[in-house]
Amino acid sequence: MEALYDPSGVERRWQERWEAEGLYAAGAGRRRDETFVICVPPPNVTGDLHMGHALNGAIQDALVRWHRMQGYDTLWQPGYDHAGISTQNVVEKQLVAEGTSRREIGREAFVARTWDWLEKTGMTIMGQYRRLGASLDYSRERFTMDDDYVRAVMTFFVRLWEQGWIYRANRIVNWCPFHETAISDLEVEHVEMDDTLYRILYPFADGGGGLTIATVRPPTLLADVAVAVHPDDPRYAGAVGREVVVPVVERRVPVVADARVDPEFGTGAVKITPGHDPLDFEIGRDHGLETLTAIGPDGRMVFPGFEGLSQEEANERILAWLTERGQLERRDPYRHAVGTCERCHTRIEPLVSPQWWCRMEGLGAPAIEALRERRVRFHPESQHRFAIESLENAPDWCISRQLWWGHQIPVWTCRDGHQVSAWPPPESCSECGASELERDPDVLDTWFSSALWPFATLGWPDETDELARYYPGDVSVTAREIIRLWENRMIFSGLFLRGDIPFTDVIITSTILAADGRRMSKSLGTGVDPMEPIEAHGADATRYGLLKISSTQDVRYAIGAIEEGRKLANKLWNVSRLILQQTAGAEPAERPSALEERWILARLDAARAAVEDAWSRFDFAAATNVLYHLTFDDFCDWYAEAVKPRLYDGDEDARATGLAALARLLALLHPVMPHVTEEIWSYLPAREERLVVAPWPEPDAAYAEWEGALERVQEAARVFRRSGVRVELGGEEERRVFEAVVRPERRQAAGDADAERERLRKEIARAEGMLANERFVGNAPADVVEAERAKLERYRGELALLGE
RNA sequence: GGGCGCAUAGCUCAGCGGGAGAGCGCUCGCUUCACACGCGAGAGGUCCCUGGUUCGAUCCCAGGUGCGCCCACCA
């Protein structure tokens with residue numbers, strides 16, 4: 001073994017070997033009947049692994065490996081999401097760069113090209129998960145556009161249709177003019193932008209002044225159908241019921257009263273454009289107003305006389321018209337949040353269009369109940385409440401997209417207008433028997449198919465053995481922003497289709513910010529590719545570092561934590577060298593005949609309990625903390641130093657127990673640092689089995705009483721190191737460990753006894769003060785008071801030894 | 001505008017009612033036969049501010065200040 005641990009080669013070698021030996025496969029190492037199942041959140045086919053995936057992967061893998069070692073029948077399901085709009089966006093931009101467009105090449109060619117491109121350059125993330133050491137069952141990789149998966153999606157749609165959850169409605173939706181599709185509220189990204197707020201005079205139709213409205217979008221006034229004011233606004237009490245004239249188009253429209261108008265904003269009077277504003281759409285509907293259109297699907301003007309103009313051009317023309325007539329009263333700089341498409345960042349155009357909707361009221365009820373009853377638990381708790389509230393307030397889900405890449409909606413229309421939804425595709429109209437059917441051209445929202453991930457990957461809608469065995473699963477690990485898009489939808493669709501929840505626990509991971517506290521993003525240039533630390537410090541170190549910083553809601557990326565992981569791996573490597581070099585020919589066996597052996601076995605058991613507790617509470621930072629101190633402080637600084645002389649002397653118990661203790665340590669570290677631990681494990685004698693599937697260490701009740709065995713030696717060492725004075729130790733064993741660890745013969749500088757005396761005096765004064773406080777003694781728990789007394793006694797004893 | 005969260009050592013963060021902690025960085029001493037990616041010692045903190053509860057508050061409560069994230073149809 002080399003003195004310096006070199007992770008890269010070792011990690012790659014084990015990754016290949018584990019996968020080749022089938023140890024990542026579902027059920028590998030199974031020693032009990034219970035299952036443990038996690039589905040990886042299917043990444044976009046076009047994407048690369050980012051820091052969020054790496055954290056996510058480190059968490060899931062730690063849980064999966066921990067359960068696998070406990071003998072569970074473990075499945076970690078891999079795969080990809082076709083990511084409708086995101087993938088189409090990528091391919092479409094390629095076409096634009098080539099001087100063509102999707103419309104030019106047509107739908108069929110576009111879809112073919114997308115497949116072609118994906119097969120050549122997409123689907124790379126699973127390779128990066130492999131490099132992270134993620135023990136996904138790669139043999140089971142699924143894609144949400146696989147033939148079987150398509151059947152699942154179609155079946156889901158048809159069942160919703162048959163039970164009346166799906167309807168068609170012409171409503172105002174978020175429209176992306178670049179992709180020319182509707183997108184859901186959840187796909188809109190709000191961005192602060194500098195804009196201009198115009199104040200425009202709408203004269204009364206019968207003369208005598210007018211109303212001044214405020215708007216940021218003059219081009220939409222072409223489609224105005226009313227002006228609205230708040231019913232209680234005294235300024236406009238006389239205006240309601242009168243008519244005003246819309247500028248440019250000279251249309252007479254009514255002034256209506258509506259409580260949704262904010263009298264504080266602008267002038268308190270607002271133009272109503274149901275065709276181009278969501279709130280106006282509602283107000284228009286409630287007041288029986290018509291809906292006019294000024295802007296088309298491509299974001300350009302369609303209003304008669306303005307056809308083909310861009311909105312900027314129309315704006316200039318309208319402003320010129322207003323200025324000429326003195327009706328443009330003011331223009332003020334105005335900063336506000338504007339909706340943009342999260343994929344292409346084009347400004348969203350609210351447009352009225354016919355779309356397919358999934359009714360949420362009622363459909364989400366079983367999911368709400370499951371969350372309320374805590375059959376599904378979100379962690380942390382605050383996200384649990386958020387998940388429930390989101391389901392309770394979920395608006396109807398717009399499931400259709402005017403895209404080409406995705407699952408085409410299984411609805412057919414015959415010449416008589418009858419609509420039928422079925423899968424496999426129907427041959428004729430179920431109502432009139434007509435055989436000429438036209439399929440709806442739209443595709444489904446990507447999240448419609450993702451919602452089925454936990455069971456569609458197991459063969460649903462067929463009742464497969466796997467489905468019976470691995471559904472429901474256990475844990476889902478995702479980011480906060482995906483709770484409503486994905487987690488909640490998996491829960492309600494699982495209950496709807498399978499009558500059961502898909503998992504019991506949802507872990508919402510912390511958001512990893514850049515080192516400067518800003519968001520990690522490509523456009524800001526703040527992103528860090530997780531492959532960088534993996535190549536520089538190793539996958540083990542990176543996994544450790546990510547788990548260590550994963551505790552709070554927002555965490556800054558800190559390379560220091562990963563470097564700490566590298567140090568831990570190196571330390572583990574070196575202490576293993578010490579033990580392995582001194583134990584040639586020995587067999588591992590727990591024969592704790594000396595003080596330090598009893599102590600380290602007790603410490604290992606205590607750490608095992610602490611780590612298990614941390615894993616089960618999903619407190620990954622706590623787990624890494626325990627493992628770090630176990631390795632550095634307990635195992636290396638105390639146990640290894642104490643046992644070293646006995647190893648050199650060839651003590652048989654020390655050698656056998658040393659190997660056994662090392663094996664326990666490796667097992668505890670394995671879920672976090674699988675590679676270095678497996679590598680060391682392979683050098684241990686009588687370890688034919690791979691550590692990946694080795695049994696998780698069993699605790700030994702007999703060890704527990706030895707946990708404090710080194711307490712007095714540790715205190716004596718501390719006093720000696722600081723002051724140069726030897727505290728008297730009770731037994732031969734204690735004195736031997738003290739000499740081995742502290743090695744007084746090598747000590748050069750004399751300690752500062754005065755400083756130590758001063759420290760002890762202060763401690764004694766503090767403890768005496770507390771014990772003299774009757775209220776403390778009376779109210780504090782008995783064990784707290786007792787501990788204080790014990791400390792006082794010890795400090796007094798030590799001070800006496802220092803010559804006082 | 002709503003929700004959630006964070007303010008502790010120079011940096012990144014743990015602790016969350018009874019002695020202020022870790023890692024990194026810094027200072028000093030060590031080429032000690034596992035490891036200089038190391039070992040030992042050490043400096044460095046009104047635990048954001050103001051009140052309150054308590055025998056006792058970094059920890060609980062209220063208010064303030066400053067940050068961050070998520071969400072959101074004020075034109």
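A, B, ... follow the sequence lines: proteins, then strands. Residue 1 opens every chain. Values below: all heavy atoms of this structure, side chains included; hydrogens, waters and symmetry mates excluded.
- Across all strands, Phe386(A) comes closer than 4.0 Å to no nucleic acid atom at all (heavy-atom distances).
- Contact annotation: His629(A) does not reach the phosphate of A22(B) (side-chain N/O to OP1 or OP2, under 4.0 Å).
- Taking atom CZ of residue Phe632(A) and atom P of nucleotide A36(B), one finds them 12 Å apart after rounding to whole Å.
- At C24(B), none of the side-chain N or O atoms of Tyr628(A) fall inside 4.0 Å of OP1 or OP2 (strictly under the cut-off).
- As rounded to the nearest Å, G64(B) and G2(B) have P atoms that lie 13 Å from one another.
- Using a 4.0 Å heavy-atom distance criterion, Tyr544(A) is classed as making no nucleic acid contact.
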What N/O pairs connect the protein and nucleotides 16-18 of chain B at under 3.5 Å? Give each pair on its own line.
{"residue": "G18(B)", "atom": "O6", "partner": "Ala780(A)", "partner atom": "N", "Å": "3.3"}

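- Counting non-hydrogen atoms under 4.0 angstrom, Lys644(A) reaches a base of the nucleic acid.
- Residue Arg617(A) contributes atom CZ, which lies 13 Å from atom C1' of G15(B) at whole-angstrom precision.
- Within the nucleic acid shown, Arg484(A) comes within 4.0 Å of sugar-phosphate atoms alone, with no base atom in reach, counting heavy atoms only.
- The side chain of Arg721(A) contributes no N or O atom lying less than 4.0 Å from OP1 or OP2 of C39(B).
- Remark: Arg726(A) qualifies as a cation-pi partner of Phe720(A) under the 6.0 Å distance and 45° angle criteria applied to the six-membered ring.
- For the strand RNA chain B, secondary-structure stems (runs of at least three Watson-Crick or G-U pairs, all distances below 3.5 Å) span B:1-7 with B:65-71, B:10-13 with B:21-24, B:26-30 with B:38-42, B:48-52 with B:60-64.
- With A72(B), C69(B), A75(B) as the candidates, the nucleotide lying closest to the side chain of Val261(A) is A75(B).
- Atom CD of Glu564(A) sits about 4.0 Å away from atom NZ of Lys548(A), to the nearest 0.5 Å.
- Contacts between residues 570-580 of chain A and RNA chain B, defined by a heavy-atom separation under 4.0 Å, are made by Asn570(A), Lys571(A), Asn574(A), Val575(A), Arg577(A), Leu578(A).
- Nucleic acid contact class of Asn625(A) (heavy atoms, under 4.0 Å, all strands): none.
- Between Glu641(A) and Lys644(A) there is a salt bridge, with a side-chain nitrogen of the basic residue lying less than 4.0 Å from a carboxylate oxygen of the acidic one.
- Among the nucleotides C69(B), A75(B), A72(B), the one closest to any side-chain atom of Arg480(A) is C69(B).
- Side chain of Asp540(A) to main chain of Val676(A): a donor-acceptor pair is present (N/O by atom type, distance under 3.5 Å, no hydrogens or angles).
- The side chain of Arg556(A) contributes an N or O atom lying less than 4.0 Å from OP1 or OP2 of U12(B).
- Between Tyr628(A) and Phe632(A), the ring-plane angle classifies as parallel under the 30° and 60° cut-offs.
- Glu641(A) comes within contact range of at least one nucleobase, with a heavy-atom separation under 4.0 Å.
- At the phosphate of A75(B), neither OP1 nor OP2 sits under 4.0 Å from any side-chain N or O atom of Tyr198(A).
- Between the CZ atom of Arg347(A) and the C1' atom of A75(B) there is a distance of 12 Å, rounded to whole Å.
- Using a 4.0 Å heavy-atom criterion, one finds that Phe281(A) contacts no nucleic acid atom at all.
- When the C1' atom is used for both C59(B) and C6(B), the distance is 15 Å, rounded to whole Å.
- A salt bridge links Arg796(A) and Glu793(A); the closest N-O separation between the charged side-chain nitrogens and carboxylate oxygens is under 4.0 Å.
- Atom OG1 in Thr267(A) sits 4.0 Å away from atom OH in Tyr236(A) (nearest 0.5 Å).
- Expressed to the nearest 0.5 Å, how far CD of Glu264(A) lies from CG of Asp233(A) amounts to 9.0 Å.
- In this structure, His50(A) contributes its side chain and Gly52(A) its backbone to a donor-acceptor pair below 3.5 Å.
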